Amino acid sequence: MKRLYPDYTYGPGPRDGCWWDETIGRPVWPVHQGDQRVDVAIVGGGFTGLSAALHLARAGASVAVFEAETPGWGASGRNGGFCCLGGSKLSHKAMTRRYGVVAAQRYAQAEADAVHLVADILATHQIDADVHSKGETQLAHTPRAMEKLRRDAEVSGILHETGDLPGLGFSGGFHGGYTNPVGFGLNPRKYLFGLAQAAQSHGAQLFQNSAVQGIIHGQSGYAVQTVSGRVTAANVLVCTNGYSSEDVPPWMAGRYMPVQSTVLVTRPLSQAELLAQGWTTDQMSYDTRNLLHYFRLMPDRRFLFGMRGGLRSSSGAEVAIRRKVHKDFARMFPAWADVDVTHMWSGMVCLSRGLVPFTGPVAGRAGIYAGFAYHGNGVAMGTYCGRALARLALGKDAELPEPIARAPGRFPLGLWRRVLMPPAYAVMGLWDL
């Protein structure tokens, strides 16, 4: 595999200290060995791949999923657990300018449908994922940001002025906010493993430590080469998102941009500590910064706080970004500045050049499909795109809006494209002032 970041990124260092690992034991899947044939081979065992596997297996297809590491190792097992609207970094106005009114409306509906799909899967398969929060609240970090929230507020949500926040259990020096009723928080690792169990119950085969090293076209379909075997399949789904490779398949080269997100979790907070800070709501929330912070009080009264911003990956860079996250947490929630942070970790989210997700065929390779670039909102959008990939592999209409179905362009500079991010982040940081 040919990846953008150094080996450290794909090792244990960034995810060391992940709280979710403490909440549920991981299943042990077999390592793929030998030769076999299936209808569909899926590269990647995260939300996208397992959603695709579940929907394919329920339709009667034979499916094999190949996870390069162990279950829950990647972004799906270490994210913030926000099942909410999102997937694109374009505003609705920008989406409308680029794709037109109808396509933008269809995309907005797809984001809502994605959240509802996760809720349906949780209910149908009786997955206990510690669900909480009624929608999510965006909190204005400046008066100017609050003016924008007022302009963009939709009638389906609730606008909160500054004086409303204390009575709703919010604090942190915000200038108001807006609550969208769609969405909920969950334990992503419990959801992921529930999704895996549901897929297995319908006959999907799941393999761990079985990295795909190549996809070769042959007379009877595609030969998917793993580290210790080979599987022949009529269709292949590439579901690797921020942990993608430039050459599996080569079409992926330059079409995705992994960037870092870092999360901390505190020890359980007492009621007195919650009151001291003035944060008593379990509403999942995020601020209006471009380099946003996201946070929520979880059912066990631990507080989760995360942020974007890390651009380098090494042991030293990991120490630095964790220090930065802790500093921002203490600044925004000063009453908890001395509260023990028991867990902290990092992972990769994935961007596309057009700032929208992609799900569709790999050009020039009939029967290979890919889904990626959820811009930090993979719980819902990854699940949704996994179902769409299953439909494509079954020869059906994926029922996707144009922004998701349109193939993404390549970032400039190829393997060196990461150098584009520091100036972009610098500009976003200035906009956040």
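By convention here, the first residue in the shown sequence is residue 1. Side chains included, hydrogens not; waters and symmetry mates left out as well; all remaining heavy atoms used. This is a predicted model, so every value here is computed, not measured.
- Summarising the geometry, atom CE belonging to M298 is positioned 9.0 Å from atom CG belonging to D130; distances are rounded to the nearest 0.5 Å.
- Here the OG1-CE distance, from T240 to M1, works out to 9.0 Å after rounding to the nearest 0.5 Å.
- With salt bridges taken as basic N to acidic carboxylate O contacts below 4.0 Å, none links R144 and E147.
- Of all heavy-atom pairs spanning G371 and L389, the tightest one is N-CD1, 3.9 Å.
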**Request:** Might you work through the ring pair (Phe, Tyr, Trp, His ring centres under 6.0 Å) test for Y99 and Y107, ending with a clear yes or no?
**Result:** CA-CA 10 Å; Y99 298 101; Y107 177 81; 8.4 Å; no
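- H375 contributes a side-chain N or O that, together with a main-chain N or O of G87, makes up a donor-acceptor pair within less than 3.5 Å.
- Judged by distance alone, the side chain of R302 and the main-chain N or O of T266 form a donor-acceptor pair under 3.5 Å.
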Check residues 63-72 and write down every donor-acceptor pair under 3.5 Å in which the side-chain atom is one partner and the other belongs to a residue at least two apart or another chain.
from	atom 1	to	atom 2	distance (Å)
E67	OE1	G45	N	3.0
E67	OE2	E69	N	3.0

Contacts table for residues 164-177: side-chain donor-acceptor under 3.5 angstrom, sequence neighbours left out:
from	atom 1	to	atom 2	distance (Å)
D164	OD2	E161	N	2.8
S171	OG	Q277	O	2.6
S171	OG	Q277	NE2	3.1

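- Looking at heavy atoms from C-beta onward, P357 lies out of side-chain contact with Y384 at the 4.5 angstrom threshold.
- A donor-acceptor contact shorter than 3.5 Å is absent between the side chain of R78 and the backbone of C18.
- Residues L237 and T48 form no side-chain contact, since every pair of their non-hydrogen atoms from C-beta on lies 4.5 Å or further apart.
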Would you be so kind as to tabulate the donor-acceptor pairs closer than 3.5 Å made by side chains of residues 329-341, with sequence neighbours excluded?
from	atom 1	to	atom 2	distance (Å)
W336	NE1	E273	O	3.0

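- Two residues are said to be in side-chain contact when any heavy atoms from C-beta on lie closer than 4.5 Å; N241 and C239 fail this criterion.
- Not a single donor-acceptor pair under 3.5 Å links the side chain of S313 to the backbone N or O of Y5.
- In terms of the side-chain contact (heavy atoms from CB on, under 4.5 Å) criterion, residue partners of R255 (sequence neighbours excluded) are, by chain and number, W251, F372, P408, R410.
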**Prompt:** When you look at D152 and H92, which way does the side chain to side chain contact (heavy atoms under 4.5 Å, CB included) test go after all the steps?
**Reply:** CA-CA 10 Å; D152 296 344; H92 183 72; over 6 Å; no
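- For the residue pair E246 and Y256, a side-chain donor N or O sits within less than 3.5 Å of a side-chain acceptor on the partner.
- By the ring-ring contact (aromatic ring centres under 6.0 Å, His included) test, F47 pairs with Y191, sequence neighbours left out.
- Although no hydrogens or angles enter the test, the distance criterion places no donor-acceptor pair under 3.5 Å between the side chain of D247 and the main chain of P249.
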**Request:** Quick one: do T96 and K93 satisfy side chain to side chain contact (heavy atoms under 4.5 Å, CB included)? Show the steps, please.
**Result:** CA-CA 5 Å; T96 300; K93 289 181 180 178; 5.7 Å; no
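- The ring-ring contact (aromatic ring centres under 6.0 Å, His included) test applied to H141 returns no partner, not counting sequence neighbours.
- Here the NE2 atom belonging to H326 is positioned 13.0 Å from the NZ atom belonging to K324, to the nearest 0.5 angstrom.
- The closest donor-acceptor contact from the side chain of D432 to the backbone of L291 lies under 3.5 Å.
- Nearest heavy atom pair, residue P250 against residue R365, reads CD-NH1, 4.3 Å.
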**Message:** Under the criterion side chain to side chain contact (heavy atoms under 4.5 Å, CB included), I'd like the reasoning laid out for L274 against L297: C-alpha separation, chi angles, the key distance, then a yes or no.
**Reply:** CA-CA 10 Å; L274 297 176; L297 183 64; 3.9 Å; yes
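- From E136, atom CD reaches atom CZ of F184 across 11.5 Å, with rounding to the nearest 0.5 Å.
- Between F305 and F295, the angle of the ring planes stays under 30°, which puts this pair in the parallel group of the 30/60° scheme.
- Checking side-chain atoms of T124 against main-chain N and O of I121 turns up no donor-acceptor pair under 3.5 Å.
- Between A129 and L122 the shortest heavy-atom distance is CB-CD2, 4.0 Å.
- By the 4.5 Å heavy-atom criterion applied to side chains, N187 and W20 are counted as neighbours.
- For R418, the CZ atom is densely surrounded, since the number of other residues' heavy atoms within 6.0 Å is greater than 12.
- Judged as a ring-ring contact (aromatic ring centres under 6.0 Å, His included), and not counting sequence neighbours, the contacts of Y243 are W73.
- A donor-acceptor pair is defined here as one N or O able to donate and one able to accept, closer than 3.5 Å; no such pair exists between the side chain of D16 and the backbone of P12.
- By the side chain to side chain donor-acceptor pair (under 3.5 Å) test, T359 is found to be paired with no residue, residues two or more places apart in sequence or in another chain being considered.
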**Message:** Under the criterion side chain to side chain contact (heavy atoms under 4.5 Å, CB included), I'd like the reasoning laid out for M95 against S88: C-alpha separation, chi angles, the key distance, then a yes or no.
**Reply:** CA-CA 9 Å; M95 186 83 69; S88 169; 3.6 Å; yes
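- Under the rule for a side chain to side chain donor-acceptor pair (under 3.5 Å), the partners of T262 that lie at least two apart in sequence or sit in another chain are Q260, S346.
- Distance alone, capped at 3.5 Å, is enough to place a donor-acceptor pair between the R189 side chain and the I24 backbone.
- Side-chain contact check for L159 versus M146: some heavy-atom pair is nearer than 4.5 Å.
- Annotation: salt bridge (charged side-chain N to carboxylate O under 4.0 Å, His left out) contacts of R406 (sequence neighbours excluded): E402.
- Contact between P258 and L4 at its shortest, heavy atoms only, is CD-CD1, 3.5 Å.
- Between the NE2 atom of H293 and the OG1 atom of T288 there is a distance of 11.0 Å, given to the nearest 0.5 Å.
- Counting all heavy atoms, side chain and backbone alike, G46 lies closest to S76 at CA-OG, 3.4 Å.
- In this structure, the salt bridge (charged side-chain N to carboxylate O under 4.0 Å, His left out) partners of R15, at least two apart in sequence or on a different chain, are D21.
- A donor-acceptor contact shorter than 3.5 Å is absent between the side chain of Q138 and the backbone of Y178.
- Considering only heavy atoms from C-beta on, D113 stays 4.5 Å or farther from E399 through its side chain.
- Proximity of P299 to D282: side-chain heavy atoms (C-beta onward) are nowhere separated by under 4.5 Å.
- Heavy atoms only, all atoms of each residue included: C385 and I404 are closest at SG-CG2, 4.3 Å.
- A heavy-atom distance below 4.5 Å is found between the side chains of V263 and W345.
- Under the rule for a side chain to side chain donor-acceptor pair (under 3.5 Å), T162 has no partner lying at least two apart in sequence or in another chain.
- Here CH2 of W19 is found 5.5 Å from NE2 of H343. Values are rounded to the nearest 0.5 Å.
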